Amino acid sequence: MELFSFYNVENLFLPDPTPIHKLDPTKSGLKGWDDKRYRNKLLKIAHVFQLMKEENGVLPFMIGLSEVSGRKVLEDLVELEPFNSEYGIIHYNSMDERNVDVALLYDKNKVEVIDSETITFFFEIIDKNTENYDTTRDVLYSKVKYKGEIVNVFIAHLPSKREKDINKPKRAFILNEIRGRILNIINEKEHVILCGDFNENPDDENLVKILYDNASEKVLENPFQQLFSSRNYSTFHYKSGLLFDQIILSKSLFDNVGLSFQDAEVFNSEKISSRNRNFEGRPFRTYAGTRYLGGYSDHFPVFVKFRDL
């Protein structure tokens, strides 16, 4: 069995330098983000994957991450147990205004990287001055080999919902671009995994549309549709449960040859859930607004299980 996981780790920044003046803005945008809190956060994220291994018998052979700021935080993470420097990193700095990116960690003993690149998007170009481009987080594309099989991995963290969801057209544009790339890959008979924090639920129009080709034939499967319909959630907004974190797979991963889909889960272990009775069943987050709670993340990780036939 193999696991593939995705986790929005909530603002994984390096510690802020000590501010000269008490009210100076911090690089991270977080309050009191010092070395002690940073180290605690790294240990917490590593602990999530240790728990996942204890429950499933294996660590994920690939892990998509979002809300990581720079490569150094990933280097510090993979040094810890249970990774023990056995995991490689694919990461590029994006032009995101908050300096958070997506990344791929992979088990170097199982996965060979063939190629990787970022897919960058610019929106609302006001004039030719690049300072007026509206940029968002890059989509990370990686082509890897696992036991002779080619797997194309896309990791996205789409623009968030805010102010009457003004970002919905941006999410639609990005997903349509990814869809075009996926259709070309599927024609080559290679596997595709698309994962991320889509800032949309599995039944939203954009995420349903991406499952079909131009002839309305289904080319991708989203096992998180079923989880969402049975009220499995990875994050929450006020009273609403959301399943923004998903892993979408090409039909080739369901044909019982080589890597073959077995199951999908939201990893909502009690050990990484809120200690507050009022927020029972929700992720134990690092911050609530500016208040430091010392938890893991405001999202639960998600994963899929593959049989390795």
Side-chain angles (χ1 to χ4, degrees), residues 1-13 28 30 33 36-69 73-74 76-84 87 100 102-105 107 155 157 195-199 201 223-224 227-228 230-247 263-289 291-305:
M1 185 179 75
E2 295 288 2
L3 302 183
F4 181 103
S5 181
F6 172 78
Y7 193 15
N8 178 331
V9 293
E10 187 199 347
N11 294 328
L12 180 56
F13 285 87
S28 68
L30 303 172
W33 189 244
K36 184 180 176 185
R37 289 181 177 182
Y38 170 67
R39 295 289 159 192
N40 179 55
K41 173 94 171 176
L42 287 177
L43 289 167
K44 286 277 200 302
I45 295 166
H47 183 231
V48 169
F49 291 101
Q50 181 63 43
L51 291 171
M52 206 179 278
K53 181 183 179 184
E54 286 168 12
E55 283 198 19
N56 296 280
V58 290
L59 275 175
F61 74 134
M62 287 191 276
I63 300 165
L65 296 175
S66 72
E67 290 207 15
V68 296
S69 184
V73 298
L74 298 163
D76 289 347
L77 177 63
V78 297
E79 283 179 1
L80 301 175
E81 265 193 276
F83 303 113
N84 301 319
Y87 276 67
V100 291
V102 295
L104 179 68
L105 306 182
D107 185 334
I155 304 172
H157 185 185
C195 69
D197 175 350
F198 295 103
N199 271 296
N201 288 312
F224 288 80
L227 286 169
F228 184 60
S230 54
R231 298 187 175 182
N232 279 273
Y233 305 126
S234 59
T235 191
F236 293 79
H237 184 66
Y238 296 111
K239 291 185 177 177
S240 300
L242 307 164
L243 188 47
F244 286 172
D245 307 278
Q246 299 158 54
I247 302 167
D263 193 18
E265 282 186 41
V266 177
F267 189 66
N268 54 2
S269 163
E270 270 187 30
K271 292 175 180 171
I272 63 171
S273 299
S274 177
R275 314 294 196 254
N276 184 326
R277 193 173 291 176
N278 294 332
F279 299 103
E280 199 173 344
R282 297 187 175 206
F284 180 24
R285 51 197 299 171
T286 309
Y287 277 87
R291 190 161 58 92
Y292 178 69
L293 303 179
Y296 295 78
S297 170
D298 55 355
H299 289 244
F300 287 127
V302 294
F303 67 84
V304 291
K305 286 183 192 174

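Note that the structure is predicted; figures quoted are calculated from it, not measured.
In this structure, Phe49 has its ring center under 6.0 Å from that of Phe83.
At distances below 3.5 Å, at least one donor-acceptor pair connects side-chain atoms of Lys44 with backbone N or O atoms of Gly294. Within the 3.5 Å criterion, the main-chain N or O of Asp298 finds a donor-acceptor partner in the side chain of Thr235. A donor-acceptor pair is defined here as one N or O able to donate and one able to accept, closer than 3.5 Å; no such pair exists between the side chain of Asn56 and the backbone of Val58. At least one donor-acceptor pair under 3.5 Å links the side chain of Asn201 to the backbone N or O of Leu243. A side-chain donor-acceptor contact under 3.5 Å links Glu10 to the backbone of Thr286. At least one donor-acceptor pair closer than 3.5 Å links the side chain of Arg275 to the backbone N or O of Ser273. Although no hydrogens or angles enter the test, the distance criterion places a donor-acceptor pair under 3.5 Å between the side chain of Lys41 and the main chain of Tyr296.
Side chains of Ser230 and Asn232: a donor on one and an acceptor on the other come within 3.5 Å. In summary, the side chains of Asn40 and Lys36 do not present any donor paired with an acceptor at a separation below 3.5 Å, with no hydrogens or angles considered.
Open room surrounds CD on Glu280; 12 or fewer heavy atoms of other groups in view lie less than 6.0 Å from it.
Under the rule for a side chain to side chain donor-acceptor pair (under 3.5 Å), the partners of Glu2 that lie at least two apart in sequence or sit in another chain are Lys110, Tyr146.
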Starting from the C-alpha separation in whole Å, work towards a yes-or-no answer on ring pair (Phe, Tyr, Trp, His ring centres under 6.0 Å) for Tyr292 and Tyr287.
-> CA-CA 5 Å; Tyr292 178 69; Tyr287 277 87; 5.3 Å; yes
Could you go step by step and tell me if Phe13 and Tyr38 meet the ring pair (Phe, Tyr, Trp, His ring centres under 6.0 Å) rule?
-> CA-CA 7 Å; Phe13 285 87; Tyr38 170 67; 10.0 Å; no
Should Phe300 and Arg282 be marked as a side-chain contact (heavy atoms from CB on, under 4.5 Å) after you check the CA-CA gap, both sets of side-chain angles, and the distance that decides it?
-> CA-CA 8 Å; Phe300 287 127; Arg282 297 187 175 206; 5.6 Å; no
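Classification of the Phe228-Tyr233 ring pair by plane angle, with boundaries at 30° and 60°, yields perpendicular.
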